[in-house]
Amino acid sequence: LESRIRELEARMPKKYPEVKFLTYKDRKRILITGGAGFVGSHLVDHLMMEGHEITVADNFFTGRKRNVEQWIGHENFELLNHDIVNPLFIEVDEVYHLASPASPPHYMFNPVKTIKTNTMGTINMLGLGKRVGAKVLIASTSEVYGDPEVHPQPETYWGHVNPIGPRACYDEGKRVAEALGYAYAKQENVDVRVARIFNTYGPRMHMNDGRVVSNFILQALQNETMTIYGSGKQTRSFQYVTDLVEGLIALMRSNYTQPVNLGNPEEHTIEEFASVIRELVGNTKSEIENLSPVEDDPKMRRPDISRAKKQLKWQPTVPLKVGLEKTIEYFRRELQRSKHSERN
Ligand code: NAD
Ligand code: UDP
Ligand code: UDP
């Protein structure tokens, strides 16, 4: 028990990160749904440090208290254990609506719940926006483009989505969320923003969700075979999470109301990812192996970000190697932490 208490004490935040002081006039009351998740918690950090009052509503399905523990007890911060499928009555100026599982194993775990979260949850946030006059930013996804027939994907592309496939709960859920956003904007004058987010990585991303960045880093750190599905010639583009957070904030604060792609247009083959990660981890005995290809694996994915550049003056700035190094460092610490807690 004593070692458990010491472990908990060591995890208690010693001191809050530095927070700017804002006068009442400049300080906003901001609700972040899904704020205990990967992207949400980085958004919390950024907006807290700017001096705003932040409320997080999260049901901890894929999020964790640990992602926001640095703020627990701070007078500008509140954490609500709340499922967004149920109404929420609070007074805020802005809503960043991020609540939704994001990786395929998570959103396919309970497809009905994924649809409810993205539809009923979004209706509740738009209802709140309507009642209190708050701006509502909806976190949509590049998956609204489905298996795209246009490359790269501009916002004007309507997509190629299977409405009854295994991904439908997520991509159709997000498409309804967008449709709801524009219906509430038109009919009820809610001030709505829609961000179409492309593949994002960084610290606090889920370790075991089977996606390529987490798989390759974990494999390299543990001297396991790095598994490339298929030839490895397929391409993806990954943005670092702090770039995304800056894009979301720029979009919220802009007057631009059409959907905006937020992603990094730098495209790499999966083979390249494997060797860059192997090199950055260093000292690994991992071999790279080609396994059989995955069914329906998109050959290419890359955002067209001309709209974000023009309307938001935003573009990603964190180079792949810098972002990967930070992510590898995080995974290294997490592995040590889990080994440590196994021993105790
Ligand atoms: P995440 O799983 O880490 O975070 C989602 C958060 O929402 C979690 O904290 C989870 O507990 C919470 N949540 C889920 N259902 C909820 C409900 N019913 N009520 C309250 N809280 C609920 O995922 P993330 O990567 O941080 O994604 C955040 C948002 O960005 C999601 O809307 C996702 O669709 C979108 N997005 C992410 C990516 C990416 O690459 N990470 C890409 C495109 C879109
Ligand atoms: N809602 C909410 N918080 C609010 C205001 C509304 O969660 O502050 C919910 C409300 O319970 C409703 C939904 O948002 O289920 C949509 O609200 P709207 O006003 O559009 O619909 P109505 O209440 O007329 O059905
Ligand atoms: N991939 C891979 N090895 C892995 C995990 C994924 O080669 O261990 C490939 C996968 O086939 C796909 C790409 O990496 O071509 C990106 O996969 P991910 O699941 O990360 O994202 P998405 O396909 O949704 O973009």
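All values below come from the heavy atoms of this structure, side chains included, with hydrogens, waters and symmetry mates left out. Residues: numbered from 1 along the sequence shown. Numbering of ligands and ligand atoms starts at 1, following listing order.
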In the protein, which heavy atom is nearest to [atom], and how far is it?
atom                    : value
atom 34 (O) of ligand 1 : Tyr170 OH, 2.6 Å
atom 5 (C) of ligand 3  : Tyr229 CE1, 3.3 Å
atom 3 (N) of ligand 3  : Thr227 O, 2.6 Å
atom 24 (O) of ligand 3 : Arg301 NH1, 3.9 Å
atom 20 (O) of ligand 2 : Tyr184 OH, 2.6 Å
atom 19 (N) of ligand 1 : Ile84 N, 2.9 Å
atom 13 (C) of ligand 3 : Ile270 CD1, 3.5 Å
atom 26 (O) of ligand 1 : Val39 N, 2.8 Å
atom 19 (O) of ligand 2 : Lys130 NZ, 2.9 Å
atom 4 (O) of ligand 1  : Gly37 CA, 3.5 Å
atom 10 (C) of ligand 2 : Asn124 OD1, 4.1 Å
atom 17 (C) of ligand 1 : Asn59 ND2, 3.4 Å
atom 23 (O) of ligand 3 : Arg236 NH2, 3.1 Å
atom 28 (C) of ligand 1 : Leu98 O, 3.7 Å
atom 18 (N) of ligand 1 : Asp83 OD1, 3.0 Å
atom 40 (O) of ligand 1 : Thr200 N, 3.0 Å
atom 15 (O) of ligand 3 : Asp297 OD2, 2.7 Å

Candidate list Thr284, Thr227, Thr225, test side-chain hydrogen bond (donor to acceptor under 3.5 Å, both in side chains), partner Gln219, passing option:
Thr227
If the threshold is 4.0 Å, N to carboxylate O, is there a salt bridge linking [X] and [Y]?
X      : Y      : value
Glu53  : Lys28  : no
Glu178 : Arg175 : no
Glu267 : Arg236 : no
Lys321 : Glu279 : yes
Glu188 : Arg131 : no

Do ligand 1 and [X] have nitrogen or oxygen atoms that lie under 3.5 Å from each other?
X      : result
Thr62  : yes
Ser142 : no
Ser140 : no
Phe61  : yes
Ile197 : no
His97  : no

Short version for Phe273: what comes under 4.0 Å of ligand 3, heavy atoms counted, is neither
How does Arg211 reach ligand 3, if at all, at less than 4.0 Å between non-hydrogen atoms: by side chain, backbone, both, or neither?
both
Side-chain ([X]) to main-chain ([Y]) donor-acceptor, under 3.5 angstrom:
X      : Y      : value
Asn124 : Val85  : yes
Ser338 : Gln336 : no
Asn59  : His82  : no

Ignoring hydrogens, just give me the one of [options] whose non-hydrogen atom is nearest [atom].
atom                    : options                        : answer
atom 21 (O) of ligand 3 : Val212, Asn199, Asn290, Thr225 : Asn199
atom 5 (C) of ligand 1  : Ala102, Ser100, Ala57          : Ser100
atom 25 (O) of ligand 1 : Phe38, Phe238, Phe198, Tyr107  : Phe38

Below 4.0 angstrom from a heavy atom of [X], which ligand 2 atoms are there? Numbered from 1 as shown, please.
X      : result
Arg131 : 4 (C), 5 (C), 8 (O)
Leu128 : 3 (N), 4 (C), 5 (C), 6 (C), 8 (O)
Gly127 : 5 (C), 6 (C), 14 (O), 16 (C), 17 (O)

[X] N/O to ligand 3 N/O under 3.5 Å:
X      : value
Gln234 : yes
Gln219 : no
Asn215 : yes

Only heavy atoms of [X], strictly under 4.0 Å: list the atoms of ligand 1 that pass.
X      : value
His206 : 1 (P), 2 (O), 3 (O)
Asn199 : 40 (O)
Gly63  : 8 (C), 9 (O), 10 (C), 11 (O)
Thr141 : 43 (C), 44 (C)
Phe60  : 11 (O)

With a 4.0 Å cut-off on heavy atoms, does [X] reach ligand 1?
X      : result
Ala36  : yes
Glu143 : no
His82  : yes
Arg196 : no
Asp58  : yes

Do protein heavy atoms approach atom 7 (O) of ligand 2 to less than 4.0 Å?
yes
Could you list which atoms of ligand 3 come closer than 4.0 Å to a heavy atom of Ile228?
7 (O)
Are any of the side-chain heavy atoms of Asn76 and Ile54 separated by less than 4.5 Å?
no
Is there a polar contact between ligand 2 and Leu88, counting only N or O atoms under 3.5 Å apart?
yes
Can a side-chain donor-acceptor contact be found between Asn199 and Ser142 if the only test is distance below 3.5 angstrom?
no
Check the orientation of Phe273 and Phe238. Use parallel for under 30°, tilted for 30 to 60°, and perpendicular for over 60°.
perpendicular
